[in-house]
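The block underneath contains the structure these notes are about, expressed in C-alpha cells.
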2 protein chains.
Amino acid sequence: MKTDERIVQAMAELLRVQGYAATGVKQLTEAAGAPTGSIYHHFKGGKREIATAALRSTGAAYIQLLPLLLDPYDDLAEGVEAAFAQAAEDLENTGWANMCPVGTVTGEIADAEPALREVAAEVFASWVEEGTRYLTGRGLSPDDARAATYALLSALEGAFILARGQRSREPLLAAGHATAAYVATLRKPAPLTP
Amino acid sequence: MKTDERIVQAMAELLRVQGYAATGVKQLTEAAGAPTGSIYHHFKGGKREIATAALRSTGAAYIQLLPLLLDPYDDLAEGVEAAFAQAAEDLENTGWANMCPVGTVTGEIADAEPALREVAAEVFASWVEEGTRYLTGRGLSPDDARAATYALLSALEGAFILARGQRSREPLLAAGHATAAYVATLRKPAPLTP
DNA sequence: CCTCCTCTAGAACGGTCGTTCTAGAGTAAC
DNA sequence: GTTACTCTAGAACGACCGTTCTAGAGGAGG
C-alpha cells in the first residue's frame with residue numbers, strides 16, 4: 001500500500017476512535033509508519049487535509065455496506081434490525097472503540113473547523129442520496145425512502161454514542177428494533193381510497 | 001450567581017458547542033468571567049472536574065424537559081414528533097450550535113478520558129431510568145418503555161449530529177416522524193391471546 | 001487597629017501541539 | 001559518474017496547552 005494511502009487510512013482509524021482534536025500528528029506518524037516529513041510531503045495542507053481525505057474515503061467505503069447488509073433479507077424491516085445487531089456486535093468486539101468517524105468528527109468540530117464540517121455534510125448527503133436510491137428500489141416511495149434513510153442514519157449514529165458511552169449493546173438493539181418497526185409501517189399497502 | 005456555578009454553566013455551554021478537547025481553560029476564563037486562579041480555587045481537579053460537573057448538571061436539567069414537552073399531548077406519538085420539531089427549531093435558531101453536551105463529549109472522549117465517559121454513562125442511565133418511568137406512566141409496558149426511551153434518545157442524538165453537519169432541520173424532522181411511528185405501534189392493543 | 005481566611009488576579013512553567021526546515025537516501029535518465 | 005527529482009527522516013520552532021505559583025484585594029471577627 002502506498003504511503004499516502006496508509007496515512008489516510010491511519011487517520012480514518014484514529015478519527016473513528018478518538019476524534020479530530022485528540023488525534024495528534026505525532027500519533028499519526030506512528031500509526032501510519034511515516035515520519036513527519038513524509039506526511040507533509042504528501043499532504044501540504046497538514047492535519048486538516050488528511051482528515052478531509054479520511055472522511056471522504058470513509059464515506060465511500062461505508063455506503064457500500066448498505067446493500068451488502070440488507071440485500072440478503074427479503075423483509076426490509078428484518079434486515080434493518082439485523083444490521084443494527086451486527087453493528088452492536090462489531091462495536092463490542094472492538095472494545096467499544098469502533099464508531100463512525102464522520103459522526104464523531106461532526107459533533108466535535110461543527111463550529112471550529114468549517115472546512116471539515118462541510119466535508120462531513122457532503123458525506124452525509126451522499127449517504128442520503130444512496131440510501132434513498134436503495135430504499136426506493138426496495139419498494140418505498142421516494143419521499144418515504146429519503147425520510148427513512150435520515151431516520152436510519154440518525155438512529156445509528158445516536159445509538160453508537162449511547163452504546164459507546166454505556167458500553168452496552170442495548171441502545172443499538174433498541175434503536176434497531178424501533179427503526180425496523182418504523183420501516184415496517186412504510187411497507188404496508190396504502191390505505192384504500194374512499 | 002456564584003462563581004463556581006458560572007464556571008460550570010460556561011463549561012456546559014462550551015462543551016455543547018465545541019466539545020471537550022477543543023475547549024481551553026483560557027476560553028473558559030473568558031466565558032465565565034473568572035481568572036485562572038478562581039477556576040483552580042473552586043475546582044482543584046481542573047478542566048476535567050469542571051467538565052464532569054457540567055455533564056451532571058446538564059443531565060439533571062435536560063431530563064426535566066421530557067414531561068414538559070410530552071405532557072401537553074394526549075397522543076404520545078404526536079408529542080414525540082412535536083418535541084423533535086421543537087429541537088429542530090432550537091438548533092436552527094442558535095446558528096446550528098446547540099447540541100447535547102453529553103452526546104458531543106461521549107463521542108469524542110470515550111477512550112481518552114475514562115472518568116468523563118463514566119459520568120456520561122451515568123447521565124445516560126439516569127435519562128433511561130426517568131424516561132422509562134415516564135413512558136410506563138403513559139401506558140407502555142416497562143420493557144417497551146425502556147426500549148422506546150433508548151430509541152428516542154438514540155434518534156435524537158444522532159439526528160442532532162446530522163442536522164448540525166448539514167445545517168438542515170430535515171434529519172430531526174425525519175427522525176421525529178420515525179420515532180413517532182414506532183411509538184404508535186407500541187400503543188396498539190396487545191394481540192388477542194389464542 | 002490587626003488577624004485570618006476566602007477568593008481574585010494573572011504571570012510563569014514545563015510540556016505538547018501543528019508545522020517548517022535541513023539533510024540525506026533512493027532511483028531513473030543520460 | 002553526474003544530475004535531477006521524489007520521498008524519507010527527524011530535529012527545531014514558535015504558539016498554545018493545562019496547571020501551578022505568588023501576590024494581593026475584600027471582608028468578618030475580635
Side-chain angles (χ1 to χ4, degrees), chain A residues 1-55 101 104-105 108-119, chain B residues 1-55 101 104-105 108-119:
Chain A
M1 189 187 283
K2 290 200 161 185
T3 302
D4 54 348
E5 290 169 7
R6 277 212 323 275
I7 294 171
V8 170
Q9 189 155 318
M11 176 59 103
E13 175 72 21
L14 289 168
L15 288 182
R16 189 165 58 171
V17 172
Q18 58 188 24
Y20 180 77
T23 296
V25 173
K26 179 165 167 39
Q27 196 176 10
L28 185 61
T29 65
E30 289 156 12
T36 327
S38 296
I39 287 185
Y40 279 86
H41 171 77
H42 290 288
F43 299 92
K44 278 163 284 185
K47 179 180 170 182
R48 185 181 294 116
E49 183 185 342
I50 300 169
T52 66
L55 289 186
T104 309
V105 171
E108 184 187 355
I109 48 71
D111 287 85
E113 294 276 354
L116 276 182
R117 199 221 89 230
E118 215 148 310
V119 173
Chain B
M1 190 187 284
K2 289 199 161 186
T3 301
D4 55 348
E5 290 169 7
R6 277 212 323 276
I7 294 171
V8 170
Q9 188 155 318
M11 175 59 103
E13 175 72 21
L14 289 168
L15 289 181
R16 188 164 60 168
V17 172
Q18 59 189 25
Y20 181 75
T23 296
V25 174
K26 179 165 167 38
Q27 196 176 9
L28 184 61
T29 64
E30 288 157 11
T36 327
S38 296
I39 288 186
Y40 280 86
H41 171 76
H42 291 288
F43 300 92
K44 279 163 283 185
K47 179 180 170 182
R48 185 180 294 115
E49 183 185 341
I50 301 169
T52 66
L55 288 185
T104 308
V105 171
E108 185 188 355
I109 46 73
D111 286 271
E113 294 276 353
L116 275 182
R117 198 220 92 233
E118 215 146 309
V119 173

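By convention in this document, chain letters (A, B, ...) are assigned in the order of the sequence lines, proteins followed by strands, and residues within each chain are numbered from 1. Since we're looking at a predicted model, the values are computed, not measured.
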Closest approach of B:Tyr20 to B:Ala51 (non-hydrogen atoms, all atoms of both residues): CE1-CB, 3.5 Å
Interatomic distance, B:Lys2 NZ vs C:dT6 P [rounded to whole Å]: 13 Å
Sugar-phosphate, base or nothing in reach of B:Thr29, heavy atoms under 4.0 Å: nothing
Least distance between heavy atoms, B:Leu28 atom then B:Ile50 atom: CD2-CD1, 3.8 Å
Protein-nucleotide distance (B:Glu30, atom CD; C:dA9, atom P), rounded to Å: 14 Å
Phosphate-side-chain proximity, B:His42 and C:dT8, N/O vs OP1/OP2 below 4.0 Å: yes
Residue whose closest nucleotide on DNA chain C lies nearer the 5' end, A:Gly37 versus A:Ala21: A:Ala21
Nearest-angstrom distance from the residue atom CG of A:Asp4 to P of D:dC7: 9 Å
Side-chain (B:Glu108) to main-chain (B:Ala21) donor-acceptor, under 3.5 angstrom: yes
Selection from D:dC7, C:dT8, C:dG18 that lies nearest to any side-chain heavy atom of A:Lys47: C:dG18
Minimum-distance nucleotide (side-chain atoms of B:Pro35 versus C:dT19, C:dA9, D:dT8): C:dA9
Exam field: side chain A:Lys44 to backbone A:Glu49, donor-acceptor pair closer than 3.5 Å: no
Presence of salt bridge, A:Lys26 and A:Glu30, under 4.0 angstrom: yes
Spacing between B:Ile50 atom CD1 and D:dT19 atom C1', to the nearest angstrom: 12 Å
Closest listed nucleotide, where the reference is the side chain of A:Tyr40 and the choices are C:dT8, C:dT19, D:dT19: C:dT19
Whole-Å gap separating P (D:dG18) and NZ (B:Lys26): 11 Å
Protein-nucleotide distance (B:Phe43, atom CZ; C:dT8, atom P), rounded to Å: 11 Å
B:Arg6 CZ to C:dC7 P, straight-line distance once rounded to whole Å: 13 Å
Distance in angstrom units between B:Ile7 CD1 and D:dG18 P, rounded: 15 Å
B:Thr36 side-chain N/O to C:dA9 phosphate OP1/OP2 under 4.0 Å: no
